[in-house]
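Take a look at the structure set out below.
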Amino acid sequence: MPTAVSSTEAPPSASRRTSWLREQRRAVGDVGPLLRFRAASVRGRSRTALVLVTSTMLALTVVAAWFPAFLPEGDERRSDVLLLLPSGYVGVLVIAMISAAASGGGRELLPREQGVAYPVSATTDHLGALLMAPLNIAWIVQAWTLLGATAYVVGPRWTLPLALAPTLIWLAAATAIAQVAAWTIEWIRRGYRGVLTVRLITIALALGLGLLIVTDNLVKVLDKSPTVRILFGVLYGADAQVWPWLQVVAALLAITLVAVSLGAIAAGAVVRRPARDELREESSVREARGNPTSDFVALLRTDRVAIWRSVPLRRGLAVLALLPGLVALAGGLDWLMLSILPGLVASGGALLFGVNAWCLDGRGALWRDSVPVSPRLGFASRAVVLMEVLLLVTTLTLLMGAVRAGEPTLSRVLAVVCCGIVVTIQVVATALRWSVKAPFAVDLRSARATPAPPVVMVGYSARLAFSTTLTGMVFGVATFAPWYWSLLLSVPFVLFSTRKLISTSNAWADPETRSRVVATVAS
Amino acid sequence: MSQVSSTAPLVDVDALWVRFGPVDAVQGIDLSVPAGTATALLGRNGAGKSTTMRVLAGVIPPTGGLVRVAGLDIRQDTLAVKRLTGYCPDVGGLVPRATPWEHLQLAARLRRMEVGWEARARDMLERFDLGAATHRVTAGFSHGMGRRMSVILAAFHKPKVLLLDEPFDGVDPLGVEATMEVIADARAEGAAVLVSTHLRELAVEACQDTYVLRGGQAVAQLPAAQMSGEEGARAYRSLLD
C-alpha cells in the first residue's frame, strides 16, 4: 500500500537525482581502473614500444603546434589559411562523427567479451570511447593540421599558447559532439526500421551536400559556419584580449561538458536497445550453394563469407568506398590529387580487419587448420579475398572521384588505375605480414572492436598512410608523364610487394609460426 | 604403466614434449591408442590434454618426441595425418560467419569425400538435433550447439583417428547420447578414438582405457573400469594432487 513520504525522507525525485549523480560519479571513477587494466595487458617489448610511440606522438604534437608559427610566409598565404580555419573546424567535427558512427559508437575501452564480467556502466563505456577517439590516425593528423594552421596564422608571438587554447578545446568539443551524434545514430539504427532510417538520413545528407555543390553554395554555407567564433577566440588570444578570449574559451568548455553529459545519456539509451541487424545476421538462414568445384574455391568461399556477412565490416567498407569519393566529388579533386585516394581507401580497408586477417576465423581457426589443405593455398585464398575487397572499394571511390576530376586522358587514367592496383597489392602484402607476425585474439562481431589494440592500430595506420601516400605521390607525378611511365613505375612496386607476399606465405607454411597464429586468434 | 590393449596402435606417442616459450606444456608423454578402441585423457586444467590433442591433430608441431598416426610421422607427413584424423577442438571450432552446411562442404571438398556425402551429413545433423540449424550462421549458436557441430565435423568423414577435445562440455543429455553413439560407431569401424574430458563418469562410459595427465606428464594409465564409481573417483582424485 502506498504511504506518504515522511518528513525526514527526501522526496522521490530528489532521491532519484542523488542516486543518478552517485552512479555518474561512480562511472567516472571506474574509467581509471579500466584504463589501468587495459594498460597492464601491454607487457615487455610492447610496453617499451607504447612509451616510445606515445612520447613520439606528444613530441610531434608540440612540434605541429609551434613550428608553423616560425615559417616565413607572405601575408597573403597566412590570410588564406586564416579564412580556411573555420571550415577546418567543421571538417574535424564531420570526420569525428563519421568515424564514431561507423564504428557503432566509438572504440571500446574494454572489449565486449572481457567486459561482460564487470559491472561497467554505459557512462563509463561512453567516457572510454571518448578517451579512445584520439587513438586514430585520422583524428591525430587533423589535430596536427588544425594546431599547425592556427600556429601559422598567429605567428611567433608570446600569446601563441593563448591562441592555441580555443583550437585545443574545440578538438575535445568536436570529439564529444561526434560521440553524441554516433550514439544517437546507433540508437536510431537499433530501433524499429532503424537501418532503413539511418540509410535514408545518410542519403538525404549526401543529396543535400550534392545540391550545395551543384548550386555552388558549399563555400557560402561554410562561410556562415558558427565555428568562425572559434577563430575569433584564436585571434583574441593572439592579441591578448583576455576578456573576449575567456568568453570563447568558457563557451567551448561549456559545449564540451554538455556534449559529454548528453553522450552519457545517449549511450545509456543505446545499451537498452539490442543490436537488431547484428543479431539478425547472426541468426540468419543462408541458402545452400552447390558444392565447391576446387579446394581453392572452397577456401575462397569461407574467407569471403567472413567479411560480407559481418555487419560492422560491411558498414566500414561502405563508408570507405563512399566517403573519400564524396570528398573528391565535393572538392572537385583533379587527377593528381585523385592518385592519393587509393592509398587512403586501401589502408582503411586493411585497418578494418586485414592487419589481423586470421582473426576472421575466430575460434574456428583451430578446426580450419586441422583440415587437410596446403597452408600456402590457405594463405593465397586469404590474400585474394583481401585484395578483391580492397580493389572493389578503391574502384568505387575512384569512379566517384573521376566525375569532377577533369578530362580523362590516357596517361591520367592509367596513372590512377596503376596506383590503385599497386597500392592494393602493397597494402595486402603489409597487412598479411602483420597478421602473421603479430596476431591478436579479437572478436570482430562488435562494430566497436578493432583488429588490434588501439595503440597498435595507430602505429599500423601511420605506417600504412605514410607508405601509400608516398606511392600515391609517385603516381600523381605520373599523371603528367606519357602513359607508359605508369606501367614502368608499377613494375618495381609490384615486384617488391610480391616478394613480401611470398616471404609471408613461407612464414605461414612454417608449422611453428602457423600454430602460434592459430592458437592466438582462437584463444 | 602397463599396456592395456594388445592390438597395434593407430596413435603412437613416444616422449612427446611441447614447449611454448618458457612453459613446458607437455613433458614426455607416452601414449598409444589401438584401432577399434577409445581412450580418455583425464586431468585438471593445464595438465596438457588439449595440447596433446592439438599435436595429434597436426595443429601444433611437437617440440620433441615422436608422434605417429597410422604409422606416419606427424612432423614429416602432417598433411597426410590430417587426412586421417577428425578433430573437435576444445574451444569453438566453428568459423563464425559460415553455416554448418558450409563447414561440411569445405571439409568434404578438402577431404575428397565421395559423391553422396550429403546424406551422411544430413543424418548426423539430425542425430545431433541440428537439422533445423543447418543453414544458420554459427555465430548465433549456443555453446552446446557449437560443441555438437564440432563433433559432427570431426566424425562425419569417418576418420581413422577421432580426436574429441571436451566434446561433452556444456552439451545437453541428447547431445551427450549422440556423441556416445559417434564414439561407439567409430570404434566399431576400427577407428582409434581419443577423448579429452574433465567428466570422469562420461569418459568411463565412452572409453576402455584412460590416461591421467598432471603437469604435462602422464601419471597413470588405467583401464576405464578402474576409474568408475566411488572407488574410481577416489583413485582419480588421488592422482590429481
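Labels below follow one simple rule: chain letters A, B, ... track the order of the sequence lines, proteins then strands, and each chain is numbered from 1.
For the options A/Ala519, A/Ser284, A/Ser374, A/Pro292, heavy-atom pairs under 4.5 Å to chain B are most numerous at A/Ser284. For the set B/Val91, B/Leu163, B/Ile60, B/Thr134, the entry with the most heavy-atom pairs within less than 4.5 Å of chain A is B/Val91. Ranked by heavy-atom pairs shorter than 4.5 Å toward chain B, the options A/Ala288, A/Pro372, A/Ser294 are led by A/Pro372. Counting heavy-atom pairs closer than 4.5 Å to chain B, the top-ranked of the candidates A/Val285, A/Leu366, A/Asp361 is A/Leu366. Note: B/Arg136 leads B/Arg75, B/Arg136, B/His157 in heavy-atom pairs under 4.5 Å with chain A. Comparing A/Leu360, A/Val297, A/Val305 by how many heavy-atom pairs each has under 4.5 Å with chain B, the most go to A/Val305. Comparing A/Thr293, A/Asp295, A/Leu444 by heavy-atom pairs within less than 4.5 Å of chain B, the highest count is held by A/Asp295.
Taken to the nearest 0.5 Å, the OG1 atom of B/Thr138 stands 12.5 Å off from the CZ atom of A/Arg363. Distance check: A/Glu287 CD to B/Thr99 OG1 gives 11.5 Å after rounding to the nearest 0.5 Å.
Both the backbone and the side chain of A/Arg286 come within less than 4.5 Å of a heavy atom in chain B. Both the backbone and the side chain of A/Leu299 come within less than 4.5 Å of a heavy atom of chain B. With a 4.5 Å cut-off on non-hydrogen atoms, A/Ser523 does not touch chain B at all. Interface remark: A/Val518 contributes side-chain atoms only to the contact with chain B (heavy atom separation under 4.5 Å). Residue A/Arg516: no heavy atom, backbone or side chain, is found under 4.5 Å from chain B.
Residue A/Trp187 places its CH2 atom among 12 or fewer non-hydrogen atoms of other residues, nucleotides or ligands, all under 6.0 Å distant. Shown here is B/Arg112, whose CZ atom has more than 12 heavy atoms of other residues, nucleotides or ligands within 6.0 Å.
Residues from residues 79-86 of chain B that place a non-hydrogen atom less than 4.5 Å from a non-hydrogen atom of chain A comprise B/Leu79, B/Lys82, B/Arg83, given in numerical order. Of all residues in residues 101-110 of chain B, those placing a non-hydrogen atom less than 4.5 angstrom from a non-hydrogen atom of chain A are B/Trp101, B/Glu102, B/His103, B/Gln105, B/Leu106, B/Ala107, B/Arg109, B/Leu110.
The salt bridge (charged side-chain N to carboxylate O under 4.0 Å, His left out) search around A/Arg189 returns A/Glu186, A/Asp277, A/Glu278, not counting sequence neighbours.
Residue pairs meeting the salt bridge (charged side-chain N to carboxylate O under 4.0 Å, His left out) criterion with at least one partner in residues 44-72 of chain B, sequence neighbours excluded, are B/Arg54-B/Asp90.
Closest of all the heavy-atom pairs between A/Gly362 and B/Pro96 is N-CD, 4.3 Å. Scanning all heavy atoms of the two residues, the minimum distance from A/Trp367 to B/Pro89 falls at N-CG, 3.9 Å.
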